[in-house]
Amino acid sequence: MIQFEKMHGLGNDFVVIDARERPDGLSEALVKAIAHRHMGVGFDQLAVIEKGSENAHLVFYNADGSTSAACGNATRCIARKLMTESGRDALTLTTERGTLYAKDAGDGLTSINMGHPQLEWHEVPLAQEVDTLELPIDGGPTATGMGNPHCTFFVDDAEAVDLEKLGSGFEHHPLYPERTNVQFASLIGENHLRMRVWERGVGVTLASGSSSCATAVAAARRGLTGRQVQIDLDGGNIWIDWREDGVWMTGPTMTVFKGAFTDDFLEASK
């Protein structure tokens, strides 16, 4: 029996499986079956908590069965879960992105240091050497790596963007060999952005932690904002602070329910 928790950060939703004591082999077929919002549980990402050498290690899957090195909101949700279980107000987690530091920010908020942004073309990565501040793509977006690739467009009105149409096209742009997350952001006040997200391997999501970090970094690099910003997402608000030690992300989390997959479901999903 595989047990799980359904969690979300600002509507960016996750299935979380704790495999620290009992490793669970997840096939691509099973991940896709769990992701189905009518025949499974449904999620933007699935996160597996594994037992690391010193700290819990996190592995992330997209809804299409592919993996991702980073997922900021899922990391924040899991950090809150583990801090609650242990009674601690700070901890470290490891991901393919590296070691991430988390802490209780008070008022039900959790902060994660998502590490330093990747600003060079080969780090994002991009297919060729270009200026990451303004890519040779219509609209002049900015490229940023946060353990996963991002493409951020700054527009007059993020609400007016056809996210379904444009997000899908730019995700597969040839300049991004590993595909990309796509954001459309508008400046709506001093150090205040409105952003909408298309996630690689998922589609439109209500929020994205790594996308929020990438957008904040891009806005600061382009002189649109300072390094501390509030970002209004479809699912709520998040706060980003690009400091000397990395990009800090602060926001709420929620555990919705706990459950277990039936033997019939697991058998049918092989």
Side-chain angles (χ1 to χ4, degrees), residues 6-16 43-49 56 58-63 67-83 91-105 108-118 144-152 167 180-185 193-220 227-243 245-255:
K6 184 69 182 289
M7 311 178 81
H8 76 84
L10 300 172
N12 190 193
D13 65 329
F14 318 102
V15 167
V16 178
F43 62 76
D44 291 330
Q45 276 84 27
L46 184 151
V48 179
I49 309 172
L58 308 185
V59 179
F60 306 109
Y61 295 86
N62 296 316
T67 59
S68 178
C71 183
N73 280 328
T75 302
R76 211 156 38 77
C77 286
I78 293 169
R80 171 57 63 183
K81 163 186 164 64
L82 298 181
M83 285 191 292
L91 51 77
T92 55
L93 300 164
T94 61
T95 68
E96 189 178 331
R97 164 77 165 139
T99 300
L100 306 180
Y101 179 76
K103 65 180 181 180
D104 182 353
L109 303 177
T110 303
S111 293
I112 295 279
N113 183 346
M114 293 295 292
H116 295 284
Q118 298 155 312
T144 310
M146 288 301 308
N148 50 8
H150 296 271
C151 181
T152 307
T180 185
N181 299 282
V182 184
Q183 305 88 35
F184 293 91
L193 297 166
R194 171 71 173 106
M195 185 187 80
R196 298 174 65 209
V197 183
W198 175 276
E199 282 206 68
R200 174 184 64 164
V202 181
V204 176
T205 57
L206 296 180
S208 168
S210 62
S211 290
S212 299
C213 292
T215 296
V217 167
R227 290 191 168 207
Q228 290 181 305
V229 299
Q230 175 180 317
I231 299 180
D232 296 358
L233 301 152
D234 288 343
N237 303 330
I238 198 166
W239 293 268
I240 308 297
D241 187 359
W242 183 12
R243 305 179 193 172
D245 63 344
V247 183
W248 284 83
M249 171 184 62
T250 302
T253 64
M254 177 63 66
T255 298

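Because only heavy atoms are used, hydrogens play no part in the values below, and waters and symmetry mates are left out as well, while side chains stay in.
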Q) Does the pair Met195 and Ser211 meet the rule for a side chain to side chain contact (heavy atoms under 4.5 Å, CB included), with working shown? A) CA-CA 9 Å; Met195 185 187 80; Ser211 290; 4.1 Å; yes
Q.
Would Arg80 and Asp104 count as a side chain to side chain contact (heavy atoms under 4.5 Å, CB included) here? Give the steps.
A. CA-CA 8 Å; Arg80 171 57 63 183; Asp104 182 353; 3.2 Å; yes
Q: Mind running side chain to side chain contact (heavy atoms under 4.5 Å, CB included) on Leu58 and Ile49 for me, showing each step along the way?
A: CA-CA 5 Å; Leu58 308 185; Ile49 309 172; 4.0 Å; yes
Q. Side chain to side chain contact (heavy atoms under 4.5 Å, CB included) between Ile240 and Val247: does it pass, once the steps are laid out?
A. CA-CA 7 Å; Ile240 308 297; Val247 183; 3.5 Å; yes
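Of the possible donor and acceptor atoms, none in the side chain of Arg194 sits under 3.5 Å from a partner among the backbone N and O of Phe184. Between the Arg243 side chain and the Trp248 main chain, no donor and acceptor come within less than 3.5 Å of each other. At least one donor-acceptor pair closer than 3.5 Å links the side chain of Asn113 to the backbone N or O of Asp245. In this structure, Asn181 contributes its side chain and Pro149 its backbone to a donor-acceptor pair below 3.5 Å.
How far CG of Leu193 is from CD1 of Ile238: 12.5 Å, rounded to the nearest 0.5 Å. In this structure, Cys151 SG and Gln183 CD are separated by 7.5 Å, a value rounded to the nearest 0.5 Å. Here the CE-OG1 distance, from Met83 to Thr253, works out to 8.0 Å after rounding to the nearest 0.5 Å. Atoms OG and CD, from Ser210 and Glu199 in turn, are 6.0 Å apart once rounded to the nearest 0.5 Å. Atom OG1 of Thr94 is separated from atom CG of Leu100 by 8.5 Å, given to the nearest 0.5 angstrom. Interatomic distance, SG of Cys213 versus CG of Asn148, reported as 9.5 Å (0.5 Å rounding).
Ile78 and Ala47 get closest at one heavy-atom pair: CD1-CB, 3.6 Å. Nearest heavy-atom pair, Gly201 versus Asn62, reported as atom, atom and distance to 0.1 Å: O-CB, 3.8 Å. The minimum heavy-atom distance between Ala63 and Val202, with the atom names listed, is N-CG2, 4.1 Å. Between Phe14 and Gly9, the closest heavy-atom pair is CE1-N, 3.8 Å. Taking every heavy atom of both residues into account, Val48 and Tyr61 meet most closely at CG2-CE1, 3.9 Å.
Among residues two or more places apart in sequence or in another chain, the salt bridge (Lys or Arg N to Asp or Glu O under 4.0 Å) test is passed with Asp232 by none. For Lys81, the salt bridge (Lys or Arg N to Asp or Glu O under 4.0 Å) test picks out Glu5, Glu85, with sequence neighbours left out. For Asp13, the salt bridge (Lys or Arg N to Asp or Glu O under 4.0 Å) criterion is met by Lys6, Arg37, not counting sequence neighbours. Not a single side chain to side chain donor-acceptor pair (under 3.5 Å) links Thr95 to another residue, sequence neighbours left out. Applying the side chain to side chain donor-acceptor pair (under 3.5 Å) test to Thr67 and every residue at least two apart in sequence or in another chain returns nothing.
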Show which side-chain atoms of residues 69-77 pair as donor or acceptor with protein atoms under 3.5 Å away, not counting sequence neighbours.
from  : atom 1 : to     : atom 2 : distance (Å)
Asn73 : OD1    : Arg76  : NH2    : 2.4
Asn73 : ND2    : Asn12  : OD1    : 3.1
Thr75 : OG1    : Cys71  : O      : 2.8
Arg76 : NH1    : Gly251 : O      : 2.7
Arg76 : NH1    : Pro252 : O      : 2.6

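Looking only at side-chain heavy atoms (C-beta outward), Arg200 and Thr180 stay at 4.5 Å or farther from each other. Counting heavy atoms from C-beta on, the side chains of Leu93 and Thr99 never come closer than 4.5 Å.
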